[in-house]
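Keep in mind that what you see is a predicted model, and the values were worked out from it rather than measured. Protein chains get the first letters and strands the later ones, always in sequence-line order, with residue 1 at the start of each.
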Amino acid sequence: MPRKSWPPSKLPMPRTILPREFYVETPDLVAQKLLGKLLVRPKEGKEARIIEVEAYFGQNDPASHSAAGKTARNAVLFGPPGHAYVYFIYGMYYCLNVSCEPDGQPGGVLFRGVEGASGPGRLCKAFGITRERDNDVDFTSRKSSLQILDDGFVPDDIVVTPRIGISKDKDRLARYLLPHRK
DNA sequence: GGAGCGATGTCCT
DNA sequence: GGACATCGCTCCG
């Protein structure tokens with residue numbers, strides 16, 4: 001019988017900003033670790049739990065924006081880990097990622113959903129995220145306008161499926177989500 | 001409820 | 001010029 005993940009006890013757990021080291025790993029590992037963490041806009045009092053993500057690898061991943069090499073648009077993916085990569089898509093939506101892997105190596109995780117906003121475009125709309133405002137923001141800084149916090153939540157289960165909306169490498173299992181709560 | 005499709009800007013071949 | 005890591009609106013059953 002599965003138990004509720006939180007609270008495991010009555011004791012509150014301090015909220016901490018995820019450090020740079022959290023992101024110095026392959027995108028699939030970072031993606032899974034991000035599930036259950038909190039996406040926060042501190043100044044605007046917006047926050048929501050991350051419930052759906054996708055991993056995009058730097059190499060050997062034709063579906064990734066970094067597959068064709070570094071350009072002005074995707075430069076953040078090649079930079080230091082823990083930074084926001086925001087791109088504009090389909091003429092009307094933004095999508096939010098976080099860079100992974102050591103500085104110089106491409107790779108990232110796409111945020112596909114938080115509680116209350118399902119879908120990468122709607123997530124960005126809910127948080128007011130745009131490329132102009134938020135591209136290259138450092139998620140790990142106390143001063144940043146976007147942060148990712150750990151409040152101690154630990155998921156019971158992680159569901160793995162192929163990624164959504166791509167045309168290449170459709171079968172790769174790189175989408176991770178938390179099962180719907182009862 | 002599910003398939004189909006138009007909107008619409010930017011990037012890269 | 002075509003593709004695109006999307007969404008919401010039609011239409012059809």
Side-chain angles (χ1 to χ4, degrees), chain A residues 18 22-39 41 46 48-101 104-139 146-148 155 158-182:
Chain A
L18 294 177
F22 181 93
Y23 303 98
V24 190
E25 291 191 76
T26 53
D28 53 335
L29 291 178
V30 176
Q32 293 174 69
K33 292 197 302 178
L34 278 172
L35 288 174
K37 301 300 189 287
L38 296 172
L39 177 64
R41 266 250 198 251
K46 291 176 180 165
R49 197 172 301 282
I50 299 162
I51 59 173
E52 181 179 343
V53 293
E54 284 177 356
Y56 284 89
F57 300 84
Q59 302 178 343
N60 304 321
D61 183 3
S64 168
H65 280 192
S66 54
K70 186 174 177 179
T71 66
R73 176 206 194 199
N74 67 18
V76 173
L77 287 176
F78 290 77
H83 283 241
Y85 167 52
V86 183
Y87 64 88
F88 191 58
I89 191 74
Y90 297 123
M92 46 182 106
Y93 298 107
Y94 292 94
C95 292
L96 174 70
N97 301 248
V98 58
S99 58
C100 306
E101 306 261 22
Q105 257 179 278
V109 174
L110 169 68
F111 294 81
R112 282 198 61 87
V114 295
E115 282 184 345
S118 176
R122 287 186 286 206
L123 185 160
C124 285
K125 189 177 176 191
F127 276 77
I129 292 168
T130 68
R131 179 171 173 91
E132 295 70 32
R133 276 182 83 184
D134 301 301
N135 192 50
D136 205 26
V137 163
D138 184 356
F139 278 116
L146 278 175
Q147 296 166 351
I148 303 175
I158 295 178
V159 178
V160 185
T161 79
R163 294 173 291 187
I164 302 290
I166 56 173
S167 57
K168 299 167 187 167
D169 213 352
K170 284 184 168 162
D171 296 331
R172 187 170 198 150
L173 296 173
R175 174 173 175 249
Y176 307 92
L177 57 144
L178 299 184
H180 278 105
R181 270 202 323 158
K182 267 295 199 52

To the nearest angstrom, how far is [X] atom [atom1] from [N] atom [atom2]?
X: A:K70; N: B:dC12; atom1: NZ; atom2: C1'; result: 17 Å
X: A:I89; N: B:dG6; atom1: CD1; atom2: P; result: 18 Å
X: A:Y90; N: B:dT8; atom1: OH; atom2: P; result: 16 Å
X: A:E132; N: B:dG9; atom1: CD; atom2: P; result: 13 Å

- Message: Is the shortest side-chain heavy-atom distance between A:Y23 and A:L34 below 4.5 Å?
- Response: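 Yes; the side chains approach each other to less than 4.5 Å.
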- Message: Quick check on B:dC11: is either OP1 or OP2 less than 4.0 Å from any side-chain nitrogen or oxygen of A:T71?
- Response: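 No, no such contact exists.
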Quick one: label [X] by what it contacts on the DNA or RNA (base, sugar-phosphate, nothing), any heavy atom closer than 4.0 Å.
X: A:R73; answer: sugar-phosphate
X: A:F88; answer: sugar-phosphate
X: A:I166; answer: sugar-phosphate

- Find the partner of B:dT8: check Watson-Crick (N1-N3 plus N6-O4 or O6-N4) and G-U wobble (N1-O2, O6-N3) distances, both under 3.5 Å, and reply none if neither fits.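 Base partner found: none.
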- Could you let me know what B:dG2 is paired to, Watson-Crick or G-U wobble, both distances under 3.5 Å, or none if it's on its own?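 Answer to the pairing question: C:dC11, which forms a Watson-Crick or G-U pair with B:dG2.
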- Message: Main chain of A:P162, side chain of A:R175: is a donor-acceptor contact present, judged purely on distance under 3.5 Å?
- Response: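 Flag not set: sc A:R175 to bb A:P162 has no pair under 3.5 Å.
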- Query: Looking at A:R41 and A:D134, does any basic side-chain N land under 4.0 Å from a carboxylate oxygen?
  - Reply: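 Yes, charged N to carboxylate O under 4.0 Å.
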- Item | 5′-ward residue of the pair A:L77/A:K125 relative to DNA chain C |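 Looking at DNA chain C, the more 5' nearest nucleotide goes with A:L77.
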- Query: Contact boundaries of DNA chain C with chain A (under 4.0 Å, heavy atoms), 5' to 3'?
  - Reply: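 Answer, 5' to 3': C:dC4 to C:dG8.
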